[in-house]
Amino acid sequence: MPVSWPVVIRSRRVVLPEGERPADVLVRDGRIARIAGHGTLPVDRPEQLADLGATALLPGLVDTHVHVNEPGRTEWEGFATATRAAAAGGVTTIVDMPLNSIPPTVTVEALQLKRKAAEGRSWVDLGFWGGAIPGNAADLEPLHREGVFGFKSFLAPSGVDEFPHVEAADLRAALAEQARIGALAIIHAEDPAVLAAAPQQPGARYRDFLASRPDGAETAAVSRLLEAARRTGARVHVLHVSSAAVLPLLRRAREEGVRVSAETCPHYLTLAAEQVPDGDTAFKCCPPIRDEANRDALWQALADGEFAAVVSDHSPSTPDLKLLPEYGGSGDFAAAWGGIASLQLGLPAVWTEARRRGHALADVVRWMSAGPAELAGLSASKGAIAVGRDADLVAFDPEAEFAVQAHALHHRNPVTPYAGRQLSGAVRATWLRGRAVDTGAEPFGRLIVRPANPRDRQDF
């Protein structure tokens with residue numbers, strides 16, 4: 001059968017691990033077979049060449065923090081819509097969180113239900129996290145054998161009853177078991193006692209919501225997590241760091257030999273509390289978007305290599321649950337669902353702010369592709385334009401400008417805090433294993449599992 005997609009992709013701006021340069025990228029059998037000088041690789045037929053000109057060629061992004069919500073809450077998102085949005089945003093691999101689907105991914109049976117729901121409906125490669133909740137320690141090893149990428153726990157209420165948070169004893173038991181089986185623990189770190197003591201003022205004022213989830217909730221929870229990690233020897237990863245106050249704690253723990261990493265998200269890097277309009281609950285997330293000085297500190301930590309990854313924490317819901325005034329809602333931050341929908345917009349959002357701060361495309365690739373791939377153990381196949389890796393590639397025009405139109409996004413529900421914002425950078429094409437992704441055609445993404453050996457590639 002003749003090849004129906006390019007075998008050579010050419011650009012004057014190919015972002016490689018060693019830096020950006022003009023190059024030709026040869027694709028064979030879905031992988032990168034060769035990287036050569038610009039214009040040097042022969043092509044048998046014109047249709048086998050994609051010449052991007054000055055449009056940059058990036059490795060596909062890897063997003064390890066996505067709430068797809070299927071099965072059970074597909075009206076919030078779903079595999080078809082989430083992965084279509086991912087591909088349109090240059091994301092070629094996602095790892096789905098164990099909630100807010102029903103049932104949550106806390107048993108092998110629930111994992112199989114999720115895989116069945118996703119089969120044949122993904123435009124990108126797709127893996128799954130498991131969940132560690134009170135009472136399921138015996139389920140962790142079977143889930144790990146089935147290929148989940150690690151286990152998520154909440155230190156404070158998750159927002160859904162079927163995924164309860166872990167108390168101190170539960171956390172120690174879960175981390176001890178994960179240390180025994182060699183699994184990664186990923187943690188939502190907010191402290192419930194600090195949250196309970198904070199002022200709880202319902203209403204539309206964003207500053208009241210921000211006061212209800214103070215920095216101290218993150219620092220207290222991270223301190224507790226680090227102590228448990230010291231005692232158990234578990235490898236832990238702090239999810240969606242919003243507060244720069246936790247950075248010295250993480251830095252000190254790493255110096256002491258604790259195996260801890262952390263991530264932050266596009267909304268913490270590109271939005272600030274001073275910009276959030278009262279009543280605009282599209283901006284609500286937990287932990288919250290903090291002030292501009294905090295945002296600057298997060299950027300400095302990112303530049304200094306203190307974050308392993310920048311990932312979306314894509315956590316959408318229906319407009320009625322966000323209580324948005326334009327949908328007839330109250331705009332009450334205390335009562336609205338907390339979650340940011342941004343899977344399709346993460347790359348241009350981060351690039352817009354990164355370029356303003358003097359960073360290069362290579363930095364964005366390190367934060368949003370190589371870093372998450374390494375975190376998930378996928379760097380043998382994902383996260384870089386390198387020989388032997390999957391030909392997951394993105395044509396990205398860094399000079400393009402566009403205004404975000406929520407209704408035009410592929411997310412199931414047109415709710416995003418980026419609506420109306422002017423962003424830089426546009427995804428022109430996405431290739432998955434060398435094949436151009438056409439979101440109007442049949443999807444061909446694969447279900448993937450955690451490699452038994454991180455140097456090995458395993459497809460499900």
Side-chain angles (χ1 to χ4, degrees), residues 67 76 99-100 154-161 163 165 188-224 238-247 264-299 312-342 349 353 406 413-421:
H67 294 268
W76 293 16
L99 74 163
N100 302 300
F154 276 75
L155 302 189
S158 70
V160 293
D161 292 340
F163 201 96
H165 70 287
H188 179 122
E190 289 183 285
D191 186 272
V194 175
L195 294 177
Q200 304 295 319
Q201 179 65 46
R205 295 196 308 181
Y206 184 73
R207 65 179 178 270
D208 291 336
F209 169 67
L210 186 58
S212 75
R213 300 192 90 97
D215 298 82
E218 286 188 72
T219 56
V222 168
S223 295
R224 182 155 59 95
V238 183
L239 298 168
H240 47 49
V241 170
S242 81
S243 172
V246 308
L247 296 170
T264 192
C265 304
H267 42 279
Y268 301 131
L269 295 170
T270 62
L271 306 175
E274 292 88 343
Q275 304 167 352
V276 179
D278 287 345
D280 194 345
T281 48
F283 288 82
K284 180 181 176 180
C285 56
C286 300
I289 295 163
R290 304 191 187 277
D291 63 25
E292 292 178 355
N294 179 83
R295 182 180 61 180
D296 290 343
L298 294 179
W299 272 103
S312 68
D313 190 12
H314 178 71
S315 185
S317 70
T318 53
D320 60 307
L321 292 177
K322 292 297 284 187
L323 302 180
L324 286 162
E326 58 263 42
Y327 289 93
S330 64
D332 183 346
F333 276 98
W337 175 259
I340 299 289
S342 64
E353 188 68 16
N413 293 291
V415 176
T416 176
Y418 294 100
R421 288 178 73 94

Donor-acceptor pair between T270 and Y418 side chains, under 3.5 angstrom: yes
Classify the ring geometry of F333 against F209: parallel below 30°, tilted from 30° to 60°, perpendicular beyond 60°. parallel
So how far is it from L99 CG to S315 OG, rounded to the nearest 0.5 Å? 7.5 Å
Taking the side chain as everything from C-beta on, heavy atoms only, tell me whether D313 gets closer than 4.5 Å to C285. no
Within a strict 4.5 Å, meaning less than it, do heavy atoms of the P288 and F283 side chains meet? no
Backbone N or O of G203 within a donor-acceptor pair of the D332 side chain at under 3.5 Å? yes
Shortest non-hydrogen contact from R421 toward P417: CD-O, 4.0 Å
Any side-chain heavy atom of D291 within less than 4.5 Å of one from N294? yes
Do N413 and S317 have side chains that approach each other closer than 4.5 Å (heavy atoms only, starting at C-beta)? no
When rounded to the nearest 0.5 Å, the distance separating CD1 of I340 from CD1 of I289 is 4.5 Å
CZ-CG distance between R290 and L271, expressed to the nearest 0.5 angstrom: 14.0 Å
Measuring from S158:OG to F163:CZ, what's the distance to the nearest 0.5 Å? 7.0 Å
Let's go through V238 and V222 carefully: what are the C-alpha distance in whole Å and the side-chain angles of both, what is the deciding distance for side-chain contact (heavy atoms from CB on, under 4.5 Å) to 0.1 Å, and is it a yes or a no? CA-CA 8 Å; V238 183; V222 168; 4.1 Å; yes
Within the 4.5 Å heavy-atom criterion, are D280 and L324 side-chain neighbours or not? yes
Flag the pair R213 / C286 as yes when at least one side-chain heavy-atom distance between them is below 4.5 Å, and no otherwise. yes
Heavy-atom side-chain contact between L155 and H165 under 4.5 Å: no
I would like to know whether R295 and E274 meet side-chain contact (heavy atoms from CB on, under 4.5 Å); could you show each step before the answer? CA-CA 11 Å; R295 182 180 61 180; E274 292 88 343; over 6 Å; no
Of all the heavy-atom pairs spanning Y206 and A273, show the shortest one and how long it is. CE2-CB, 3.7 Å
Approximate separation, where rounding is to 0.5 Å, of E190 CD and T219 OG1: 11.0 Å
Please give me the minimum heavy-atom distance between E218 and V241, naming the atom from each residue. OE1-CA, 3.9 Å
Would you check if P192 and P157 make a side-chain contact, meaning some heavy-atom pair closer than 4.5 Å? yes
Ring centroid separation F154 to H188 under 6.0 Å: yes
Output for pair (L269 CG, W299 CH2), nearest 0.5 Å, gives 5.0 Å
Please name the pair of heavy atoms, one in A406 and one in A419, separated by the smallest distance, quoted to 0.1 Å. CB-CB, 4.2 Å
Minimal non-hydrogen separation, G216 against V194, with atom names: C-CG1, 3.7 Å
